[in-house]
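The structure appears below as structure tokens.
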Amino acid sequence: MEPYTEREAQALVEQWLANHPDRVQNRRYQPESLANWKQAAVHYLVQGNPYDAEDILRWFATQAEGSSMEESEAAHHH
């Protein structure tokens, strides 16, 4: 299996988000933040193994969800 092209990766990212409406909720209402996430996800897919695409996206969504929670937590501590 060939590595994904950017175009294929973008389509996959869009499809994955459509299929997992509960993921990366914290970014969905921030167009810029979501766009950044998609761009980075595409990069990971293009660099990564096509067989791992689902795992890559799941992992990356988890990273995104975790990081923003920490950011809001950190904001509360000041």
Side-chain angles (χ1 to χ4, degrees):
M1 200 172 172
E2 294 290 300
Y4 288 116
T5 64
E6 278 210 21
R7 205 190 203 134
E8 289 169 336
Q10 279 171 337
L12 205 73
V13 169
E14 294 293 345
Q15 187 187 347
W16 191 86
L17 286 169
N19 291 341
H20 300 81
D22 55 322
R23 302 306 305 264
V24 291
Q25 284 288 2
N26 49 13
R27 291 180 181 253
R28 285 178 187 260
Y29 56 86
Q30 298 172 297
E32 196 178 311
S33 187
L34 186 60
N36 288 343
W37 187 88
K38 287 180 186 177
Q39 200 176 359
V42 166
H43 175 77
Y44 279 116
L45 290 176
V46 171
Q47 301 294 320
N49 184 333
Y51 289 108
D52 298 333
E54 181 76 22
D55 289 336
I56 290 169
L57 287 170
R58 208 176 306 136
W59 169 83
F60 192 47
T62 303
Q63 297 293 105
E65 288 158 356
S67 67
S68 74
M69 280 167 62
E70 283 164 28
E71 283 164 26
S72 59
E73 291 268 305
H76 290 304
H77 290 302
H78 293 302

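Nothing fancy with the numbering, it's 1 onward along the sequence.
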Over all heavy atoms of both residues, which pair between [X] and [Y] is shortest? Give the atoms and the distance, please.
{"X": "Pro3", "Y": "Pro50", "value": "CA-CG, 3.7 Å"}
{"X": "Ala64", "Y": "Asn26", "value": "O-ND2, 3.5 Å"}
{"X": "Phe60", "Y": "Ala41", "value": "CE2-N, 3.5 Å"}

_side-chain hydrogen bond (donor to acceptor under 3.5 Å, both in side chains) involving Glu14 - partner list, sequence neighbours excluded_ =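 Here the qualifying residues are Lys38.
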
*Taking atom CG of Leu34 and atom CZ of Arg27, what is their separation to the nearest 0.5 Å?*
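Going from CG on Leu34 over to CZ on Arg27, the span is 8.5 Å.
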
*Gap between atom CG of Asn49 and atom OH of Tyr44 - 0.5 Å precision*: 16.0 Å

*Among Leu45, Thr62, Leu17, whose side chain to side chain contact (heavy atoms under 4.5 Å, CB included) with Leu57 holds?*
Leu45

*Taking everything shown except Gln39 itself, do over 12 heavy atoms lie less than 6.0 Å from its CD?*
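No.
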
*More than 12 heavy atoms of other groups within 6.0 Å of Gln25 CD*: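 More than 12 heavy atoms, drawn from other residues, nucleotides or ligands, come within 6.0 Å of this atom.
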
*With sequence neighbours excluded, what pairs up with Glu54 under the salt bridge (charged side-chain N to carboxylate O under 4.0 Å, His left out) test?*
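Scan of Glu54 (salt bridge (charged side-chain N to carboxylate O under 4.0 Å, His left out), adjacent residues dropped) gives Arg58.
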
_Measuring only between side-chain heavy atoms, which start at C-beta, is Gln10 closer than 4.5 Å to Val13?_
no

_Taking side-chain contact (heavy atoms from CB on, under 4.5 Å) as the definition, give me every residue that meets it alongside Ala61, ordered by chain and number, with sequence neighbours left out._
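In terms of side-chain contact (heavy atoms from CB on, under 4.5 Å), with neighbours along the sequence ignored, Ala61 is linked to Trp16, Arg23, Val24, Trp37, Glu65.
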
